[in-house]
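Because the structure is a prediction, the values reported are computed rather than measured. Chain identifiers are assigned alphabetically (A, B, ...) following the order of the sequence lines, protein sequences preceding nucleic acid strands; residue numbering begins at 1 within each chain.
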Number of protein chains: 2
Amino acid sequence: MKISGTSLNLSVTDYGITLDPTFTMLEFDGLRVLPVQTDLLIPGHASASAPDPVPQQSSMNLCAICADRATGKHYGASSCDGCKGFFRRSVRKNHAYTCRFSRQCVVDKDKRNQCRYCRLRKCFRAGMRKEAVQNERDRISCRREGQAVGTLTIDVLLQAEAFTQNPSQNLMRDINTKKIACVGDVCESMKQQLLLLVEWAKRIPEFCTLSVDDRVALLRAHSAEHLILGVARRSLPYNDIILLGNDFIIPFRGTEQEMSKVASRIFEELVRPLKELNITDTEFVCLKTIVFFAPDCPGLQCVQAVRRLRFQAQVLLDEATSEQRGRFGELLLLLTTLQSVAWQMVEQLQLMRLLGKANVDSLLMEMLLGEEATRGPEALPASESNPEALIFSTAAESVLSRGILTEHIPMPNFTSVILPVPSTLPEDPLLPTHTGPEVFTHEQAADMPREMSSSLAMPTVHTCL
Amino acid sequence: MKISGTSLNLSVTDYGITLDPTFTMLEFDGLRVLPVQTDLLIPGHASASAPDPVPQQSSMNLCAICADRATGKHYGASSCDGCKGFFRRSVRKNHAYTCRFSRQCVVDKDKRNQCRYCRLRKCFRAGMRKEAVQNERDRISCRREGQAVGTLTIDVLLQAEAFTQNPSQNLMRDINTKKIACVGDVCESMKQQLLLLVEWAKRIPEFCTLSVDDRVALLRAHSAEHLILGVARRSLPYNDIILLGNDFIIPFRGTEQEMSKVASRIFEELVRPLKELNITDTEFVCLKTIVFFAPDCPGLQCVQAVRRLRFQAQVLLDEATSEQRGRFGELLLLLTTLQSVAWQMVEQLQLMRLLGKANVDSLLMEMLLGEEATRGPEALPASESNPEALIFSTAAESVLSRGILTEHIPMPNFTSVILPVPSTLPEDPLLPTHTGPEVFTHEQAADMPREMSSSLAMPTVHTCL
DNA sequence: TGAGTCGGGTCAAAGGTCCC
DNA sequence: AGGGACCTTTGACCCGACTC
């Protein structure tokens with residue numbers, strides 16, 4: 001802030017107004033700048049009328065308080081760095097000094113530190129104004145300081161994501177060499193991706209601290225959205241197809257009507273906007289985490305913890321997108337679209353299953369079609385937010401699933417999935433066990449031959465945890 | 001913070017004005033210096049219930065970052081010289097700042113120098129773009145771009161909202177005097193609210209510039225969400241009930257199971273979070289507008305225009321919530337919950353209709369249950385985002401509606417609703433006509449006696465426009 | 001063409017840093 | 001625990017290219 005240099009002598013009149021009544025330097029406030037000094041501060045004024053023996057040039061270079069060499073004007077008076085700093089510290093800290101003598105101490109370069117009371121008084125008399133001292137500013141020095149809203153960090157999320165990525169698809173083979181998926185291929189890919197989702201979640205320490213029931217609840221609640229989100233990201237480089245995790249593709253035309261319809265929505269409503277936004281890896285993992293830690297989750301016990309985690313994730317996304325206005329909002333708004341597409345996919349899957357066109361195994365049943373047998377009587381009455389439960393829940397009030405649909409195709413009883421799970425899995429060299437180290441990788445899921453993985457004895461979420 | 005260099009009477013600097021007598025020098029008075037504690041950052045725990053900011057008075061003259069006097073547009077945002085220089089220096093030197101607090105520092109004229117991280121972030125959020133900062137003394141001729149965020153303003157939205165509010169409910173009569181709604185009451189209220197939604201939309205100039213087909217498409221696409229959003233807001237003062245627009249209530253228990261279930265979800269998943277956030281009117285109208293201008297809308301032709309409008313709305317919401325970190329995200333994330341609850345309500349309504357428990361008239365059929373006969377052959381193949389269409393669409397591939405459900409209850413043919421609508425309505429003194437002035441108000445809809453409004457000859461959206 | 005806009009740059013006077 | 005030499009940042013003001 002620049003102040004006209006000639007107006008300084010008018011500026012001292014307001015001290016009393018802005019002063020704190022308890023301000024202990026009050027007695028300085030009535031002081032006026034000494035006339036002689038004022039003249040010296042006005043360039044071009046002294047030479048005309050005052051026969052000052054000291055040349056103007058040198059007086060400007062002298063501190064008006066202690067006559068040390070001045071480094072410029074500070075707070076309204078030409079002063080040295082010492083008096084400048086002294087004045088700032090005194091005002092900032094609201095220091096109250098007292099004179100041990102009779103308030104007539106000499107203040108010069110040598111003795112300026114002998115009486116702070118007289119030095120500060122001379123600062124005011126020289127024209128320094130406490131109003132010119134500003135508020136404390138930000139630090140300049142760049143010490144790295146972790147700030148962490150919570151404990152979730154981008155790094156953890158990126159690592160979890162990298163762990164469950166399929167590097168073999170990175171080399172972007174020619175699309176023409178890829179095969180068009182049949183319904184079985186789609187189900188197979190979904191199953192693989194769901195297993196990878198479990199592995200992904202297990203890489204998030206905060207997830208692991210939740211109860212088993214809550215972990216299962218989270219994994220089930222939005223698995224369909226995760227499948228869609230994953231396939232949308234995977235399909236970003238392409239224009240006319242959806243690329244599955246097992247390297248099959250779904251074109252928009254030329255395959256089953258139902259599949260191409262969902263695929264087309266994925267492209268138009270998700271892939272296209274994501275392309276336009278040019279979503280980064282960081283943003284993607286944040287979105288995924290936001291979807292994952294959904295507090296409106298059927299049967300969730302520790303709602304507050306999950307809320308906190310989602311809050312952290314959305315703040316992380318906010319930080320990651322802060323350089324482009326509107327970007328954060330656009331990304332978050334894609335989640336409603338994601339939810340819509342996911343629900344349509346689930347409905348299609350349910351239809352295919354009911355029509356006998358798809359062989360849906362128990363893991364898909366449990367995670368995608370909303371088998372809810374795990375919900376005990378303590379389940380929250382108001383937590384019916386997953387779409388599957390709405391349409392085909394086991395809830396007694398659903399006429400669709402019980403009154404009509406199940407007349408045609410009885411739904412198997414899946415209460416077995418909540419039975420205690422053995423701590424070790426059936427012996428299978430390809431599978432990780434609960435007792436062994438976590439060595440489950442994409443090679444074992446995503447790249448697993450279909451014939452083998454479709455017979456995996458790993459049907460429930462509980463088993464995977 | 002410009003000081004006229006020629007006037008001497010400006011001796012009281014801006015800093016002097018802002019020097020609060022109670023300012024303690026050492027503390028960041030305005031800042032919430034919170035310990036890094038996640039609990040405090042969760043919306044419900046936030047102490048500050050941001051009061052509605054003063055409606056932008058001459059906002060073009062204010063710096064969008066610190067509210068100092070703006071000197072014009074700089075790098076994409078109306079800003080003062082200070083923020084202009086700060087942004088340029090930051091971008092040029094590629095500075096990476098760190099917030100010493102929790103990244104929600106207030107950035108105003110007084111405190112803008114207290115946290116460079118938050119200041120820079122606010123620059124970006126206000127629309128400044130890195131690319132607008134040029135390297136050296138070279139000038140790129142590409143002027144005129146970037147800005148034109150849009151024409152939507154908070155004021156227009158607030159006025160449209162006020163117009164469709166029911167003032168008689170503001171005096172918050174005793175809940176005990178209100179009657180419990182039966183299914184018919186609910187349908188009646190929904191119909192009234194849908195008519196008010198049309199009136200609300202007509203108060204938004206940008207909506208009126210769209211084609212009739214697009215207007216109808218927007219009104220249909222998310223009407224269920226608007227009903228839920230409205231009822232949630234209306235129910236904010238209460239704890240155990242949902243308050244309908246026609247003053248009936250829905251308790252969580254003691255009425256039909258289906259109704260109380262949705263009501264309970266509305267409360268637990270929407271009213272409760274909104275209460276904790278203490279949502280303002282400004283935020284509410286922004287949310288409503290974001291829901292309304294959904295670009296993934298079946299049959300929408302002018303997708304880009306709608307996208308722009310939603311973008312404007314979400315940026316307005318962002319600006320309205322920028323004082324509290326995470327608030328914007330929490331509000332946006334409620335929209336997925338809103339979508340979920342709305343779909344459940346639609347499903348319940350459909351069930352009630354199919355079971356003969358509800359008398360659903362053609363307006364509700366068209367707007368809530370997704371009659372899609374208006375979609376011509378030019379309809380976008382990939383725009384099936386409305387939930388009703390998913391579940392009970394007339395699309396040939398839906399086994400649910402055609403193959404199974406309609407075996408029991410044949411669906412009437414509603415193609416009549418798209419027939420050309422006569423430019424004048426059947427004579428009815430209560431109804432506005434297309435040729436007359438717009439005099440439709442809440443007195444005519446929300447406060448209309450049930451017996452009359454249920455026989456309104458206003459069945460289609462087209463007719464209302 | 002001439003006022004307005006918005007890029008650029010400058011530098012006095014604020015700020016902060018850190019050894020003594 | 002300040003003091004003060006020394007360095008960084010701020011922002012009011014100016015310039016110039018471009019637009020209308």
Side-chain angles (χ1 to χ4, degrees), chain A residues 1-5 8 43 60 63 65-66 68-93 95 97 109-114 116 119-120 123 127-143, chain B residues 1-7 10 13-15 60 63 65-66 68-93 95 97 100 109-116 119-120 128-147:
Chain A
M1 183 178 56
K2 195 166 245 175
I3 295 176
S4 170
L8 288 174
M60 265 307 283
C63 173
I65 293 95
C66 71
D68 194 358
R69 204 172 67 85
T71 60
K73 273 215 243 173
H74 302 292
Y75 312 114
S78 174
S79 64
C80 64
D81 271 335
C83 290
K84 166 197 169 190
F86 169 75
F87 187 75
R88 178 175 58 216
R89 282 190 294 271
S90 299
V91 171
R92 284 256 180 84
K93 300 194 172 186
H95 271 316
Y97 305 128
K109 187 178 185 309
D110 299 325
K111 297 190 268 299
R112 64 190 177 196
N113 283 321
Q114 288 181 0
R116 290 191 281 194
R119 186 185 192 183
L120 183 58
C123 284
M128 283 192 175
R129 295 164 300 112
K130 71 200 269 292
E131 293 86 351
V133 176
Q134 300 172 1
N135 294 346
E136 198 174 341
R137 285 188 185 172
D138 200 3
R139 307 264 94 91
I140 293 178
S141 67
C142 44
R143 332 127 293 168
Chain B
M1 180 145 49
K2 189 176 197 171
I3 293 182
S4 170
T6 55
S7 59
L10 285 177
T13 70
D14 290 329
Y15 284 115
M60 194 41 203
C63 173
I65 293 96
C66 70
D68 195 357
R69 204 173 69 82
T71 62
K73 268 219 168 131
H74 301 292
Y75 313 114
S78 173
S79 64
C80 64
D81 272 334
C83 291
K84 167 197 169 188
F86 172 75
F87 186 77
R88 181 178 56 219
R89 284 190 300 270
S90 300
V91 170
R92 285 256 180 82
K93 296 184 179 174
H95 269 315
Y97 302 127
R100 290 179 294 154
K109 188 159 80 78
D110 302 324
K111 304 185 201 60
R112 64 187 174 199
N113 282 318
Q114 288 181 358
C115 180
R116 290 178 296 167
R119 187 184 193 181
L120 183 59
M128 285 190 174
R129 291 165 297 111
K130 270 181 170 172
E131 310 79 58
V133 175
Q134 290 150 17
N135 294 329
E136 296 286 326
R137 219 356 132 189
D138 54 79
R139 247 185 132 352
I140 310 172
S141 62
C142 63
R143 267 275 203 68
R144 281 282 73 78
E145 53 126 347
Q147 94 274 24

Worksheet item: Can you find a heavy atom in the side chain of B:Arg112 that is under 4.5 Å from one in the side chain of B:Cys63?
Response: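 They are not in side-chain contact.
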Discussion item. Within the structure provided, determine whether B:Arg100 and A:Asp138 are in side-chain contact (heavy-atom separation under 4.5 Å).
Written reply: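 When only atoms from C-beta onward are counted, A:Asp138 and B:Arg100 do touch, with a gap below 4.5 Å.
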Does [X] have any salt bridge (Lys or Arg N to Asp or Glu O under 4.0 Å) partners at least two apart in sequence or in another chain, and if so, which?
| X | result |
| --- | --- |
| B:Arg119 | none |
| A:Asp81 | none |
| A:Lys109 | none |

Protein-nucleotides 16-20 of chain C N/O pairs closer than 3.5 Å?
from   : atom 1 : to       : atom 2 : distance (Å)
C:dG16 : OP1    : A:Arg137 : N      : 2.7
C:dG16 : OP2    : A:Arg92  : NH1    : 3.0
C:dG16 : OP2    : A:Arg92  : NH2    : 3.1
C:dG16 : O3'    : A:Ile140 : N      : 3.4
C:dG16 : N7     : A:Arg88  : NH2    : 3.3
C:dT17 : OP1    : A:Ile140 : N      : 3.4
C:dT17 : OP1    : A:Ser141 : OG     : 3.4
C:dT17 : OP2    : A:Arg139 : NE     : 3.1

Rounded to whole angstrom units, what separation is found between the [atom1] atom of [X] and the [atom2] atom of [N]?
| X | N | atom1 | atom2 | result |
| --- | --- | --- | --- | --- |
| B:Phe87 | C:dG7 | CZ | P | 10 Å |
| B:Met128 | C:dC6 | CE | P | 11 Å |
| A:Gln134 | D:dA12 | CD | P | 10 Å |
| A:Arg129 | C:dA13 | CZ | C1' | 11 Å |
| B:Lys130 | C:dG7 | NZ | P | 17 Å |
| A:His74 | D:dC6 | NE2 | P | 13 Å |
| A:Glu131 | C:dG15 | CD | P | 13 Å |
| A:Lys109 | D:dG4 | NZ | P | 9 Å |

Across the strands shown, which category fits [X] at heavy-atom distances under 4.0 angstrom: base, sugar-phosphate, nothing?
| X | result |
| --- | --- |
| B:Lys93 | sugar-phosphate |
| A:Gly85 | nothing |
| A:Arg116 | sugar-phosphate |

Worksheet item: For C:dG15, does OP1 or OP2 lie under 4.0 Å from any side-chain N or O of A:Tyr75?
Response: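 Yes, because at least one side-chain N or O of A:Tyr75 sits under 4.0 Å from OP1 or OP2 of C:dG15.
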Worksheet item: Nearest to the side chain of A:Asn113, which nucleotide is it out of C:dG15, D:dG3, C:dG7?
Response: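 Out of C:dG15, D:dG3, C:dG7, the nucleotide with an atom closest to A:Asn113's side chain is D:dG3.
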Item to complete: To the nearest 0.5 angstrom, please state how far the NZ atom of B:Lys84 sits from the OG atom of B:Ser78.
Response: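 If we round to the nearest 0.5 Å, B:Lys84:NZ and B:Ser78:OG are 12.5 Å apart.
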Fill in: Partners meeting ring-ring contact (aromatic ring centres under 6.0 Å, His included) with A:Phe87 (sequence neighbours left out)
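ring-ring contact (aromatic ring centres under 6.0 Å, His included) list for A:Phe87, sorted by chain: A:Tyr75, A:Phe124.
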